[in-house]
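Data block below; observations after.
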Amino acid sequence: QPVRLAVTFNAFNMGNRNIPLVLKDGDAILRSIIVEVREGESRYPVDIEFTPSILGDHIYSLNVPLFAGESVATNNRKDFKMKVIRDRIRVLHLNGRPSWDSRFLREVLAKHPKVDLLSFFILRTLDDDVASPTSELSLIPFPTNLLFSDYLNSFDLVLFQNFSHKPFIDKKYLNNIKKFVKNGGSFMMIGGELSFQGGGYAQTDIEEILPVHLEQASQTFTNETFALQLEKNLLVHPILQLENESEANKLAWQSLPELNGINTGLKPRKKSHVLASFIKGSKKYPVFVAMQVDKGRSLAIATDSLWNWNFMRVGEGGSGRHYHKFWNNIIDWLIDDSETRL
């Protein structure tokens with residue numbers, strides 16, 4: 001969005017001159033305006049408009065030249081700080097079937113003040129036997145071409161939650177998603193029976209942008225109950241910051257309820273960060289895996305039971321604050337918010 005600055009500077013005993021007023025971001029010149037200074041006038045109001053293009057904290061400066069004979073040099077420059085943020089975060093949420101996990105996540109996304117959410121729930125597939133002609137059904141056809149061709153680049157984050165692409169998205173559109181992420185978009189896959197191998201993503205363009213390889217396995221999803229094991233050397237990762245103080249953060253993670261249901265057969269890529277795992281005997285199953293993908297970011301969550309952290313904590317008389325904080329951290333990290341850079 002354009003930023004308008006109202007600037008006033010004073011000039012004394014300068015005669016008649018044309019003086020450049022320059023707006024800079026560091027050493028980069030953003031705008032330069034010529035101000036006509038005239039004998040007998042001292043006060044000069046100027047309006048400057050510019051549009052920031054890079055997110056994060058910036059120190060901007062307004063500058064006028066230093067002329068010979070000036071008694072004070074430091075007042076020819078004015079610095080000011082601004083934080084540039086996204087106006088809205090556009091999220092495309094595709095859900096393979098209604099569930100408690102998707103219900104709680106959708107509530108987080110819908111209530112997030114910065115998120116502009118477009119959510120699709122698959123209530124029937126093309127193979128379902130319905131007793132009415134298509135013209136009499138209220139459910140709309142899945143708008144594949146619009147979402148993954150025309151409007152894809154308008155989103156910041158694409159989220160697949162327990163979603164199988166085969167009945168709805170042709171492989172050529174999966175390539176569009178890969179290009180979207182590599183050019184700076186973000187992608188997340190959340191677990192369930194229809195995710196990862198169960199959704200047919202092995203050896204597709206989606207697997208190439210996931211932070212995990214999809215191994216062949218006879219059983220890719222199990223309902224086993226487990227507790228998370230965080231990677232100690234990655235406790236400072238922005239996604240894992242439930243509390244600001246390190247000891248309080250450890251206690252917050254230890255207090256969270258157990259999870260149930262995990263996708264197996266996932267092998268982390270070399271450049272990925274395994275944030276949390278399920279350890280059973282000699283086996284280690286990754287649960288949260290994050291990765292930079294060229295200019296974009298990708299995250300895999302290998303369970304469909306994170307809603308336990310809200311529902312069960314509230315049922316015990318606590319709050320779902322850490323659940324909401326966790327998802328806010330994920331959103332901020334995926335869109336590469338300046339405060340989440342390692």
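Model, not experiment: these values are computed from the prediction.
- The salt bridge (charged side-chain N to carboxylate O under 4.0 Å, His left out) test applied to R38 returns E36, not counting sequence neighbours.
- Separation of the F311 and Y323 ring centroids does not fall under the 6.0 Å cut-off.
- Residues forming a side-chain hydrogen bond (donor to acceptor under 3.5 Å, both in side chains) with N10 (at least two apart in sequence, or on another chain): none.
- Ion pairing between a basic and an acidic side chain is recognised when a charged N comes within 4.0 Å of a carboxylate O; R97 and E193 show such pairing.
- Here the shortest heavy-atom pairing between S164 and G199 reads OG-O, 3.5 Å.
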Under 3.5 Å, which donor-acceptor pairs link side chains of residues 1-8 to any protein atom two or more places apart or in another chain?
residue	atom	partner	partner atom	Å
R4	NE	E49	OE1	2.9
R4	NH2	E49	OE1	3.3

Walk me through it: do Q161 and D101 pass the test side-chain hydrogen bond (donor to acceptor under 3.5 Å, both in side chains)? CA-CA 9 Å; Q161 184 169 17; D101 200 44; 3.3 Å; yes
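- Qualifying side chain to side chain contact (heavy atoms under 4.5 Å, CB included) partners for S246, counting only residues two or more places apart in sequence or in other chains: none.
- Between F163 and S195 the shortest heavy-atom distance is N-OG, 4.0 Å.
- Following chains of ILVMFWY side-chain contacts shorter than 4.5 Å, one can reach L146 starting from L92, so the two form part of one hydrophobic cluster.
- Here the rule is side-chain hydrogen bond (donor to acceptor under 3.5 Å, both in side chains) with N308, and of N260, T225, T303 only N260 fits it.
- Within the structure, the salt bridge (Lys or Arg N to Asp or Glu O under 4.0 Å) test picks out the following pairs touching residues 143-157 (sequence neighbours left out): R86-D156.
- In this structure, K284 pairs ionically with E231, as a charged nitrogen and a carboxylate oxygen lie closer than 4.0 Å.
- When the side chain to side chain contact (heavy atoms under 4.5 Å, CB included) test is applied to N244, no partner is found at least two apart in sequence or on another chain.
- Neither F168 nor L194 shares a network with the other; the hydrophobic side chains, linked directly or stepwise wherever heavy atoms of I, L, V, M, F, W or Y lie under 4.5 Å apart, form separate groups for each.
- The existence of a salt bridge linking E243 and R321 is confirmed by a sub-4.0 Å separation between a basic side-chain nitrogen and an acidic carboxylate oxygen.
- Below 30°, between 30° and 60°, or above 60°: for F187 and F160 the angle between ring planes is above 60°, a perpendicular geometry.
- The pair K83-D57 does not meet the salt-bridge criterion, since no charged nitrogen lies less than 4.0 angstrom from a carboxylate oxygen.
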